[in-house]
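Here is the structure we will look at, set down as structure tokens.
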Protein chains: 2
Amino acid sequence: MSTKNKILDAADVLFADKGFNGTSLREITSQANVNLAAVNYHFGSKKELIKAVMSRYMDELSPQLEAALALICQAEEKPSLHDVFSAFIEPLLYLNEFKVNGTSTFLQLLGRGYTDSQGFLRWFLTTQYPNVFTHFTQAVKIAYPELSTEEMFWRLHFTMGTIVFTMSSSEALIDIAQNDFDNKLDIAGVIERVIPYVAAGVAAPITKHN
Amino acid sequence: MSTKNKILDAADVLFADKGFNGTSLREITSQANVNLAAVNYHFGSKKELIKAVMSRYMDELSPQLEAALALICQAEEKPSLHDVFSAFIEPLLYLNEFKVNGTSTFLQLLGRGYTDSQGFLRWFLTTQYPNVFTHFTQAVKIAYPELSTEEMFWRLHFTMGTIVFTMSSSEALIDIAQNDFDNKLDIAGVIERVIPYVAAGVAAPITKHN
DNA sequence: AACTAATTAAAACATCTGTTTAAAATAACG
DNA sequence: CGTTATTTTAAACAGATGTTTTAATTAGTT
């Protein structure tokens, strides 16, 4: 494997586990069995490495999500909100196969990106991959046309928060759940449970605001 | 004002804004206009300072939340989920008055605590303030008795995620919303919008899992 | 094989981190 | 006032951080 990919793989896991600020380049390079200077040689800086780790996922995910959402928008029957959110499941789970050792860390990284480093990652994603967002809001608008644009803005961000936060602490939660309910569970099981939740949240009746 | 409080106030704002890892003691002490060594003198270590910042909020909030939830549980009429979640509003907004310069940073700090520092803050809160959690689950069980304990466990964590995540990035979101919809909005307005969302999410119909 | 370009390696860089030390200043109390 | 105790100060500590430099190695090309 190339040095570049060895760095990306190690950074991926460590960033997801300990955050961007919480992971040093020395941890990454020693985990990857490469020289410390290799990061700055291949990526320029730590910030660029973070972008590269995220881009590896987004470049794979973005077209798939857009395709799935486009399919829903063009369907004959009016889609339900459950349909819209379910469109995310397959592409997200597909990331896991495409990863070597089990589950992908993408959603955990997304959670890190929202809180770590004062939102520079949010800027990166919304400017580099804007189509995912616009297609998504379009799909929701078809499924729930009564919802005003502003109300939708908020509910979509609530949803984003639910998903990202849940996945970024999913390991700990799965551990607790398995202890308390001795119910075998994995990432797919968590997703199965969160979809009805967010669908119901977005579909909540509209309330007046003064 | 005492040195101890000057440190707590400065740390509060900086921790909320840049995270626990992202804030150095030197930033805190220079913002607070006190000597660097004062932190270790008064609190012992940075970790203890973090606990102190959180305890200041929790010691104020915890009894109020428990009282509000107890009131709901003992009411004659069966409370709705909306009632249960609304019980959080007043105590949370009360934190703002009790703060000098505007809105409290409590929920932002809570968000930091879940992602930063590998969940040691979650351990701290659940062990130091367990009653809030048990009272809350009791209230939800009364409002929605059909929900199994496991399903409730998940939905409450989804809710936690929604709230915490939303509030930890509320400033940025409010900015965006005000630009796009020129609608004056503050923290209270965001809370007003998130309550129906989470209430609907928790109240979502039960789905079979294999 | 010989020369050039790309990569790796070890070391040093300056800066920042939390914490500790020891002296100075202030407060409290008999 | 004089004597403790408490608090503040400046300085230094040891270690970690991202980045750069310079030399050694490897790969690619003619």
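Below, chains carry the letters A, B, ... as their sequence lines are ordered, and counting in each starts from 1.
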Tell me the interatomic distance from [X], atom [atom1], to [N], atom [atom2], rounded to whole angstroms.
| X | N | atom1 | atom2 | answer |
| --- | --- | --- | --- | --- |
| A/L36 | D/dA16 | CG | P | 14 Å |
| B/F20 | C/dT17 | CZ | P | 17 Å |
| A/K47 | D/dT17 | NZ | C1' | 16 Å |
| A/N40 | C/dA6 | CG | C1' | 17 Å |
| A/L25 | C/dC16 | CG | P | 17 Å |
| A/I7 | D/dG18 | CD1 | C1' | 14 Å |
| B/R26 | C/dT17 | CZ | C1' | 6 Å |
| B/N21 | D/dT17 | CG | C1' | 13 Å |

Practice task
Check the side chains of B/T134 and B/Q138 for a donor-acceptor pair under 3.5 angstrom, ignoring hydrogens and angles.
Solution key: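 No donor-acceptor contact under 3.5 Å links the two side chains.
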
Handout entry: Closest-nucleotide ordering on DNA chain C, the 5'-leading residue of A/K4 and B/K46
Key =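 Whichever sits nearer the 5' end wins; that is A/K4.
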
Problem - Options D/dA10, C/dT8, D/dT17, nucleotide nearest the side-chain atoms of A/E27 - result: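 Looking only at side-chain atoms, A/E27 lies closest to D/dT17.
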
Problem - B/S45 side-chain proximity, nearest of C/dT19, C/dT8, D/dT6 - result: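 For B/S45, the side-chain atoms sit closest to C/dT19.
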
Exercise for the section: Identify which one of A/T159, A/T162, A/T166 satisfies the side-chain hydrogen bond (donor to acceptor under 3.5 Å, both in side chains) criterion when paired with B/T162. Expected result: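 That would be A/T162; it is the only one of A/T159, A/T162, A/T166 passing the side-chain hydrogen bond (donor to acceptor under 3.5 Å, both in side chains) with B/T162.
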
Exercise for the section: Could you tell me how the ring of B/F88 sits relative to the ring of B/F136: parallel (under 30°), tilted (30 to 60°) or perpendicular (over 60°)? Expected result: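 Answer is perpendicular, since the angle exceeds 60°.
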
Practice task
Calculate, to the nearest 0.5 Å, the distance between atoms NE2 and CD1 belonging to A/H42 and A/I7 respectively.
Solution key: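 If we round to the nearest 0.5 Å, A/H42:NE2 and A/I7:CD1 are 5.5 Å apart.
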
OP1 or OP2 of [N] versus the side-chain N and O atoms of [X]: is any pair under 4.0 Å?
| X | N | value |
| --- | --- | --- |
| A/H42 | C/dA6 | no |
| A/T3 | C/dT8 | yes |
| B/S24 | C/dC16 | no |

Exercise for the section: Just call it for B/T23: base, sugar-phosphate, or nothing, with non-hydrogen atoms closer than 4.0 Å on any strand. Expected result: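 Counting heavy atoms under 4.0 Å across all strands, the contact made by B/T23 is with sugar-phosphate only.
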
Exercise for the section: Mark yes when over 12 heavy atoms from residues, nucleotides or ligands other than B/E90 sit less than 6.0 Å from its CD; otherwise mark no. Expected result: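 No, CD of B/E90 has 12 or fewer neighbouring heavy atoms, counting only those of other groups under 6.0 Å.
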
